[in-house]
Engineer: 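Got a structure for you, questions after.
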Amino acid sequence: MRPVVSYLVIAVVAGFVGASFSKAPDIADKISARFGTPAADPAGFWSTPTIEGYGKIHYESDVAYKPAVGESNKIVFQITKAENGPNDPNLGLERVARVVNLYVASGVPVDQLKFVVSVTGDGTPAMLNNEQYKKMFGMDNPNLKLISQLRAKGVDVSVCDQSVAFHHFQHDWIDKSVTHALSSPTTVSTLENQGYAFLAM
């Protein structure tokens, strides 16, 4: 009886393996389509209408839930992560730039945007001045140009001073373009009490 069961198991496994090999070309095609080189976008598909070079958007006018002129347009963004390497701007800041671009592309004037960025946790090193960033990472701080553009459009970029302390950064290591806040939680809660929407970036 035992040899019969063994032969049945071997036959089932062989059939499964054979079926898998017969489907191998299909599987390979799916993997290639998923991870292969994506098709190039046509010229003008992406744009950065307000924060030049950052937060690219693809704008469509005939869509729902667009920001509107005359609404409060008050948002506090919280950035807690460093999702990419130190040689590129923090992805959270890129996402803030994208929101700015989307609002302005939707017709909301820049002076109607009431945006505050609260940076804490692993995002804190992005707020360092160039001198300290170079000491830490061996390169210029790629976030400073983006922060400068955000501030030029009225976006207040702030850092959690509790996180500055936890990182053992000195107060004056933070770039002068960044606002020192008591903490990120108090920044978010204070602004939410003033009617700001909260977006985790």
Side-chain angles (χ1 to χ4, degrees), residues 46-61 63-86 88-128 133 141-167 169 171 173-201:
W46 298 104
S47 65
T48 55
T50 308
I51 308 298
E52 186 178 348
Y54 300 99
K56 66 181 183 179
I57 64 170
H58 174 67
Y59 185 75
E60 295 283 355
S61 59
V63 292
Y65 305 115
K66 288 198 306 184
V69 177
E71 293 181 352
S72 70
N73 299 318
K74 295 159 68 172
I75 303 175
V76 54
F77 304 89
Q78 188 179 56
I79 297 172
T80 63
K81 300 175 184 176
E83 302 170 72
N84 51 339
D88 293 311
N90 183 287
L91 288 178
L93 289 174
E94 282 272 7
R95 293 181 187 115
V96 173
R98 181 170 297 115
V99 175
V100 173
N101 286 330
L102 287 167
Y103 266 73
V104 175
S106 297
V108 180
V110 170
D111 60 7
Q112 286 189 19
L113 302 181
K114 307 298 180 190
F115 289 177
V116 176
V117 181
S118 179
V119 180
T120 187
D122 291 340
T124 306
M127 304 294 102
L128 289 169
Y133 200 90
N141 187 344
N143 298 282
L144 298 182
K145 184 178 178 184
L146 175 49
I147 292 170
S148 175
Q149 285 206 51
L150 289 169
R151 293 199 77 89
K153 302 304 180 184
V155 179
D156 184 23
V157 179
S158 70
V159 68
C160 169
D161 263 6
Q162 305 311 302
S163 190
V164 170
F166 282 125
H167 280 79
F169 294 162
H171 188 274
W173 289 5
I174 301 301
D175 194 76
K176 294 186 185 306
S177 64
V178 177
T179 301
H180 285 268
L182 176 62
S183 75
S184 185
T186 56
T187 300
V188 170
S189 60
T190 298
L191 292 175
E192 283 192 309
N193 286 336
Q194 296 175 13
Y196 280 68
F198 170 70
L199 287 181
M201 305 308 279

Engineer: Looking at CG of N101 and NZ of K153, how far apart are the two atoms once the value is rounded to the nearest 0.5 Å?
Structural biologist: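 These two atoms lie 9.5 Å from each other.
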Engineer: Start with the C-alpha gap between V108 and K66, add the side-chain angles, then the distance that decides, and say whether side chain to side chain contact (heavy atoms under 4.5 Å, CB included) holds.
Structural biologist: CA-CA 10 Å; V108 180; K66 288 198 306 184; over 6 Å; no
Engineer: Where is the tightest heavy-atom contact between N84 and N90, given as atom of each residue plus distance?
Structural biologist: OD1-CA, 4.0 Å
Engineer: Give me the atom names and distance for the closest heavy-atom approach of T187 to A181.
Structural biologist: OG1-CB, 3.4 Å
Engineer: Are K56 and T48 side-chain neighbours, meaning at least one heavy-atom pair lies under 4.5 Å?
Structural biologist: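 Yes, side chains in contact.
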Engineer: Please examine the side chains of S47 and I57, heavy atoms only from C-beta on, and report whether any two atoms are closer than 4.5 Å.
Structural biologist: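 Yes. Closest side-chain heavy atoms under 4.5 Å.
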Engineer: Hey, what do you get for CD1 (I51) to CG (L146), rounding to the nearest 0.5 Å?
Structural biologist: 7.5 Å
Engineer: Within the distance-only criterion (no hydrogens, no angle test), does the side chain of D88 pair as donor or acceptor with the backbone N or O of P142 below 3.5 angstrom?
Structural biologist: no
Engineer: Are any non-hydrogen side-chain atoms of L182 and Q162 less than 4.5 angstrom apart?
Structural biologist: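 With C-beta onward as the side chain, the pair touches.
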Engineer: Would you confirm whether S106, through its side chain, and L102, through its main-chain N or O, come within 3.5 Å as a donor-acceptor pair?
Structural biologist: yes
Engineer: Just verifying a value: how many Å separate K176 NZ and L144 CG, rounded to the nearest 0.5 Å?
Structural biologist: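 Taking NZ in K176 and CG in L144, the distance rounds to 12.5 Å.
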Engineer: Do L113 and V155 have side chains that get closer than 4.5 Å, going by heavy atoms?
Structural biologist: no
Engineer: I would like to know whether H180 and V159 meet side chain to side chain contact (heavy atoms under 4.5 Å, CB included); could you show each step before the answer?
Structural biologist: CA-CA 5 Å; H180 285 268; V159 68; 4.2 Å; yes
Engineer: Looking at N73 and P67, would you say the former's side chain and the latter's main chain have a donor-acceptor pair under 3.5 Å?
Structural biologist: no
Engineer: What I'd like to find out is whether the side chain of R151 reaches to under 4.5 Å of the side chain of D156, using heavy atoms alone.
Structural biologist: yes
Engineer: So, Q149 side chain and E52 main chain: donor-acceptor pair closer than 3.5 Å or not?
Structural biologist: yes
Engineer: Roughly how far apart are L128 CG and I174 CD1, rounded to 0.5 Å?
Structural biologist: 5.0 Å
Engineer: Decide yes or no for T80 and S163: does some side-chain heavy atom of the first lie under 4.5 Å from some side-chain heavy atom of the second?
Structural biologist: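 Answer no - side chains too far apart.
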Engineer: Looking at every non-hydrogen atom in both residues, tell me the closest pair between F198 and Q78 and how far apart they are.
Structural biologist: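 Taking every non-hydrogen atom into account, CE1-CB, 3.5 Å.
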Engineer: If you count the non-hydrogen atoms of other residues, nucleotides and ligands that lie under 6.0 Å from CZ in F166, is the total more than 12?
Structural biologist: no
Engineer: Take V164 and H171, measure what side chain to side chain contact (heavy atoms under 4.5 Å, CB included) needs, and give me the verdict at the end.
Structural biologist: CA-CA 7 Å; V164 170; H171 188 274; 5.9 Å; no
Engineer: Is the shortest side-chain heavy-atom distance between K145 and Y54 below 4.5 Å?
Structural biologist: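 Yes; the side chains approach each other to less than 4.5 Å.
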Engineer: Taking all atoms of both residues into account, what is the closest heavy-atom pair of V69 and G107, and its distance?
Structural biologist: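 Where V69 meets G107 most closely, the heavy atoms are CG2-O, 3.1 Å.
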Engineer: Which atom pair, heavy atoms only, marks the closest approach of K114 to Y196?
Structural biologist: O-CE2, 3.2 Å
Engineer: Which heavy atom in E83 sits nearest to a heavy atom in R95, and how many Å separate them?
Structural biologist: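 For E83 versus R95, the nearest heavy atoms are OE2-NH1, 2.6 Å.
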Engineer: Going by salt bridge (Lys or Arg N to Asp or Glu O under 4.0 Å), name the pairs with one or both residues in residues 68-82, residues two or more places apart or in two chains.
Structural biologist: none
Engineer: Check step by step if side chain to side chain contact (heavy atoms under 4.5 Å, CB included) holds for N143 and Y133.
Structural biologist: CA-CA 10 Å; N143 298 282; Y133 200 90; 4.1 Å; yes
Engineer: Just verifying a value: how many Å separate I147 CD1 and L93 CG, rounded to the nearest 0.5 Å?
Structural biologist: 5.5 Å
Engineer: So, taking the atom named CE in M201 and the one named OG in S118, what distance separates them when rounded to the nearest 0.5 Å?
Structural biologist: 13.0 Å
Engineer: I'd like to know if the side chain of T124 reaches the main chain of G121, judged simply by a donor and an acceptor atom lying under 3.5 Å from each other, with no hydrogens or angles considered.
Structural biologist: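 Looks like yes, one N/O pair under 3.5 Å.
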